[in-house]
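When a residue number appears, it is its place in the shown sequence, counting from 1.
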Amino acid sequence: MNKYPLLDKIDYPADLRRLDRRDLAPLAKELREYIVESVSSTGGHFSSNLGTVELTIALHYVFNTPEDRLVWDVGHQTYGHKILTGRKAGMPKLRQKGGIAGFPRREESIYDTFGTAHSSTSISAALGMAVAARLSGSTRQAVAIIGDGAITGGMAFEAMNNVGRENVIVILNDNDMSISESIGALNNYLSKLMSGRFYANTKKTAEKILSATPTFMEIAKRVEEHAKGMITPSIMFEEFGFNYTGPIDGHNVEVLVDTLKNISKLDGPQFLHIATRKGQGYKLAEEDPIHYHAASGKFDPKIGITKPVPVADVKPKPTYTQIFGEWLCDMARADKRMVGITPAMREGSGMVKFSQDFPDRYFDVAIAEQHAVTFAAGLAADGMKPVLAIYSTFLQRGYDQLIHDVAIQNLPVVFALDRGGLVGADGPTHHGAFDLSYLRCIPNITVMTPADENECRQMLYTGMTLDSPSAVRYPRGAGPGVAIEKEMTALPIGKGVVVREFKGFDARRVAILAFGSMVKPATDAAEELNATAANMRFVKPIDHELIFKLATTHDYLVTVEENVVMGGAGSAVAESLAAQDLSIPMLHLGLPDQFVEHGDPATLLADCGLNREGIVRSVRAWLARTATSVATKKAVS
């Protein structure tokens, strides 16, 4: 018996559009079951994809995709979209090396009209597409699908402020959730609008208006009759120039189809407000959408996503994120001036315990990275000690504020920079590949890269002791397993340490200068190469004295970092050598000058030559080339 009789008929949206409308609801059931089956086998974003099944079907049923443009915000709710647009066979390798991405990618499919993974970009992109259509004389339509969490981002409001009279459609997928619970004034507004009798009445009104599939003039007349009930809460969006419709049930596919057909005929900017439930159709995800936001690996759909069962007498290594969360609570007890800030990443940044124990000093500012940085600057300007927990890839969005509002004023903000380096399955949009380069060029800031768990804790404390900006950059996952000292001790600023020295006599004395997560593999490589290994600890200020010592006692220097080579920590070493008028052969190892794709982090690091074997291989090949070059020069002379 065919498990998915309707879904198996659909390879592309054109096949979907040939279905009878009565088949859409059964198709939604099949698509939801297929997503559960797929994600339980591969891991990936889960509850958000279950919440957009009916919307995805309705969009591709009504609009002539890919000619009409669908722009998904963030994109972690697009698995259904991928399945319906020719990538169903690729789901078993979702987010794996060589497989399809977990987010929309233009190079992956013509149906992915705009690459996404960071939030609040969809309205800007769709507006640009709408203008492009008008200027080129095209009748194609542009639709932005944005969540209630993503619409809190400043870019969304900047785009709505600029919409004018362009023919763009914005769909607000309102499920009262981001990754964590959505917060702030806008969320409170939407919550009131969706709660109690008002939502029940407007939902029934919308269904009544659409139930008989009326003509366009009839629906306009009925909307006017019910204007008091439907339009009053929409004032904010209409002030931006949108024609507001909703809220309607986002899990009633027939209502969605009728509504989308009608608003697609209207001129000017349209705003459709739909109500959905994150995790819809999978009871466990409905009850705990935060826990089921994403599955890190395989799970049994009958049991759900379970926490690992601890093995007797085996204590798991803490992750850097957990180390940060524990330090945050300890620091808050020690210093009442400390406050913690997150741009909507409480769980991901390890701040749950802090938010519970110190609610008055915990601030989730929603998906608003720029605001988060300047908010921290304002706190610091008036004597507080703010700690901004933020992923490396997200701090890029607050770069102007980092320079203008924090660094120029030399304010003591501590940036706890999580996910530095390669993060794995989320791919190039989430890799923290550039932070060492974009941070070290900023005056006044101290940049630290812990090699292990204890250094992470002590560096965070070191940042708190400074009267200037600082960043502690640590990777995703667990460290090498070093014991953590409870007592907090400030490290000497700008000082590294030698962790392994070459032994005996070697005519080719090599020193490896490693930063952060690369200290362990670099030290292991140094053992095999009989080289010196140094844990540099600080990218800025760089340890000029240690660089001088290593350069004058060795014949070759190698720098290793989990950051792009261009402008990174290795460049800081080269600049130090030049400033000290020292000349020595150097090899820079790090991430390549290209965007690294998604896949298992260990595999990606190996591909980039940043594991022990890769470092050994690169150093030996470089020494061989250098020796050949020297011999050639001698022969010529």
Side-chain angles (χ1 to χ4, degrees), residues 12-13 44-45 48-49 51-52 55-60 62-87 90 94-95 100-136 138-164 166-173 178 242 260 263-264 269-272 274 367 369 393-394 396-397 426-431 595 597-598:
Y12 291 97
H45 292 99
S48 52
N49 282 291
T52 55
L55 175 62
T56 301
I57 291 171
L59 285 167
H60 283 294
V62 171
F63 292 99
N64 183 32
T65 55
E67 175 63 17
D68 289 332
R69 312 303 201 218
L70 301 183
V71 182
W72 297 88
D73 214 285
V74 181
H76 58 221
Q77 74 276 43
T78 55
Y79 294 0
H81 162 80
K82 287 176 180 275
I83 292 166
L84 295 176
T85 55
R87 286 165 282 181
L94 175 74
R95 297 173 14 117
I100 62 176
F103 300 98
R105 297 283 299 274
R106 281 171 56 85
E107 58 268 43
E108 187 177 287
S109 171
I110 58 173
Y111 292 91
D112 291 358
T113 61
F114 197 79
T116 57
H118 287 187
S119 85
S120 315
T121 60
S122 61
I123 303 177
S124 296
L127 178 57
M129 293 174 180
V131 171
R134 175 173 58 79
L135 294 177
S136 62
S138 173
T139 59
R140 66 174 179 264
Q141 296 190 285
V143 184
I145 304 99
I146 188 168
D148 57 309
I151 206 169
T152 63
M155 273 190 70
F157 282 87
E158 292 171 22
M160 288 191 289
N161 188 55
N162 189 231
V163 74
E166 301 294 345
N167 290 328
V168 63
I169 297 172
V170 174
I171 299 174
L172 173 61
N173 176 29
S178 178
F242 286 91
L260 289 170
I263 66 173
S264 69
Q270 306 298 316
F271 194 101
L272 173 61
I274 72 170
I367 303 175
E369 293 86 358
T393 186
F394 297 147
Q396 294 164 184
R397 310 190 86 184
D426 284 338
T429 56
H430 282 60
H431 293 323
F595 292 106
E597 291 300 321
H598 57 273

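Remark: side-chain polar atoms of Lys82 are paired, donor with acceptor, to backbone N or O of Ala101 under 3.5 angstrom. No side-chain donor-acceptor contact under 3.5 Å links Asn167 to the backbone of Pro269.
The minimum heavy-atom distance linking Ala156 with Ala150 is given by the pair CB-O, 4.3 Å. The two residues Gln77 and Asn49 make their nearest non-hydrogen contact at C-OD1, 2.9 Å. Heavy-atom minimum distance, Arg397 versus Ser119: NH2-O, 2.8 Å. Across all non-hydrogen atoms, the minimal contact from Ser264 to Ile169 is CA-CD1, 4.2 Å.
Ser109 contributes atom OG, which lies 7.5 Å from atom OH of Tyr12 (distance to the nearest 0.5 angstrom). Atoms CD1 and CG, on Ile145 and Asn173 in that order, are 9.5 Å from each other to the nearest 0.5 Å. A distance of 12.0 Å separates CZ in Phe242 from CG in Leu272, rounded to the nearest 0.5 Å. Between Ile123 atom CD1 and Asn162 atom CG the span is 11.5 Å, to the nearest 0.5 Å.
Looking at heavy atoms from C-beta onward, Phe271 lies out of side-chain contact with Val163 at the 4.5 angstrom threshold. Side-chain contact between Pro428 and Arg105: present, with at least one pair of heavy atoms (C-beta onward) separated by less than 4.5 Å. In this structure, His76 and Asp426 have side chains that are not in contact, with every pair of non-hydrogen atoms separated by 4.5 Å or more. A 4.5 Å side-chain heavy-atom check between Arg87 and Leu94 finds every atom pair outside the cut-off. At a threshold of 4.5 Å between non-hydrogen side-chain atoms, the residues Leu59 and Ile171 count as touching.
For the pairing with Phe103, the ring pair (Phe, Tyr, Trp, His ring centres under 6.0 Å) check across His81, His598, His45 returns one residue only, His45.
Among residues two or more places apart in sequence or in another chain, the salt bridge (charged side-chain N to carboxylate O under 4.0 Å, His left out) test is passed with Arg140 by none. The side chain to side chain donor-acceptor pair (under 3.5 Å) test applied to His430 returns no partner, not counting sequence neighbours. Judged as a side chain to side chain donor-acceptor pair (under 3.5 Å), and not counting sequence neighbours, Gln396 has no contacts. Evaluation of the side chain to side chain donor-acceptor pair (under 3.5 Å) rule for Thr56 yields no partner, not counting sequence neighbours. Partners of Glu166 under the salt bridge (charged side-chain N to carboxylate O under 4.0 Å, His left out) rule, at least two apart in sequence or in another chain, are Arg134.
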Pair Met155-His118, side chain to side chain contact (heavy atoms under 4.5 Å, CB included): steps then yes or no = CA-CA 11 Å; Met155 273 190 70; His118 287 187; over 6 Å; no
Going through the checks in order, is the side chain to side chain contact (heavy atoms under 4.5 Å, CB included) test met by Met129 and Ser138?
-> CA-CA 11 Å; Met129 293 174 180; Ser138 173; over 6 Å; no
Identify each donor-acceptor pair in which a side-chain atom of residues 66-73 lies under 3.5 Å from a protein atom, sequence neighbours left out, and give them as a table.
| residue | atom | partner | partner atom | Å |
| --- | --- | --- | --- | --- |
| Asp68 | OD1 | Gln141 | N | 2.8 |
| Asp68 | OD2 | Asn64 | N | 2.8 |
| Arg69 | NH1 | Pro66 | O | 3.0 |
| Arg69 | NH1 | Glu67 | O | 3.0 |
| Asp73 | OD1 | Ser120 | N | 2.5 |
| Asp73 | OD2 | Ser120 | N | 3.4 |
| Asp73 | OD2 | Thr121 | N | 3.2 |
| Asp73 | OD2 | Ser122 | N | 2.9 |
| Asp73 | OD2 | Ser122 | OG | 2.5 |

